[in-house]
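Heavy-atom basis, side chains included; hydrogens, waters and symmetry copies ignored. Please read these numbers as outputs of a predicted model, since none were measured by experiment. FYI, the numbering just counts along the sequence from 1. When a ligand or atom number is given, it counts from 1 through the structure's own listing order.
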Amino acid sequence: MIHIRSKDEIEIIRKSALMVSATLTEVAKFLKPGIKTISVDKMAEAFIRDNGGVPSFLNYHGFPYSLCISVNEVVVHGFPGDYELKDGDIISVDCGVYMNKYHGDSAYTFAIGDVKPEVLQLLKVTKESLYRGIAQARDHNRVGDISFAVENYTSKEHGYGVVRELVGHGVGKDLHEDPQVPNNGRRGDGKKLKEGMVVAIEPMINMGTREVKTLADGWTVVTRDGKPSAHFEHTTAVRRNSGEHLSTFANIEAAETANTELNSSYYSLVAAV
Ligand code: MG
Ligand code: MG
């Protein structure tokens, strides 16, 4: 069943979505080479609880952590653990927050230190494809219009692999609701979008082919060719003329930039010595 949310409900979902964004901003400040991914998870869980939320993912169908942390060739649903981030890694952090009986869901892929230009390009294109999808989340469009926008930009224009096994989704009282929002599809196909629907749009884009496999832990999804994969996600309200993302990357990007400047001033200091 697809829900049409009232104005008030959308504002409540926005609060949850913005708590996810605040959490991902804390993550952005925290990330650097040498950090164990489990410590990112612990920090985020404490931040969410201190702010009156509950991590949506913890115990969801048995998922054992608060964040999905997916490094390099891991597409989504990676387990936080003892892995130490290193210069040149990319790390997708997917986070959900449950507050006031509604969920918010958003994901961001961060570059750690000096990442290869072609991998940075994958991040840039994947993020842009999310916004192209959001632009299609408007009244009277269909789900396929979102899917087509994402696939056309990433696959047709940039030659990347679009993951099909995992999809976006409605989000609200439940973390995953109808409709499913694939990242591949045809214009005009699928369920009709109506103002007041809230969907999580989340392109999962591979640098190489679209093929993925799930590891023996039953969760971790990796690229078959071992090449990197990127993931960006916004909780999005369907509006009359365009989707409106309820989560935001603004503060995450500001923290990322501050981090980079800090690092480069450090490196230029080192170079000067
Ligand atoms: Mg998510
Ligand atoms: Mg999601």
E118 and K227: CA distance, side-chain angles, deciding distance, salt bridge (charged side-chain N to carboxylate O under 4.0 Å, His left out) verdict = CA-CA 11 Å; E118 63 264 36; K227 291 184 180 170; over 6 Å; no

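The Mg ion (ligand 2) has no N, O or S atom of H176 closer than 2.8 Å. At a cut-off of 2.8 Å, D105 is counted among the residues with an N, O or S atom near the Mg ion (ligand 2). At least one N/O/S atom of E233, from backbone or side chain, sits under 2.8 Å from the Mg ion (ligand 1).
The Mg ion (ligand 2) sits nearest to atom OE2 when only the N, O or S atoms of E202 are considered. Closest approach between the Mg ion (ligand 1) and any N/O/S atom of D94 involves OD1. The nearest N/O/S atom of H169 to the Mg ion (ligand 2) is NE2.
Looking only at atom types and distance, the side chain of N206 has a donor-acceptor partner in the side chain of S229 under 3.5 Å away. At a cut-off of 3.5 Å, with distance as the only test, no side-chain donor of H103 or S16 sits close to an acceptor on the other residue.
The distance from atom CD1 of I112 to atom CD1 of I90, rounded to the nearest 0.5 Å, is 10.0 Å.
Nearest heavy atom pair, residue T154 against residue V150, reads OG1-O, 2.8 Å.
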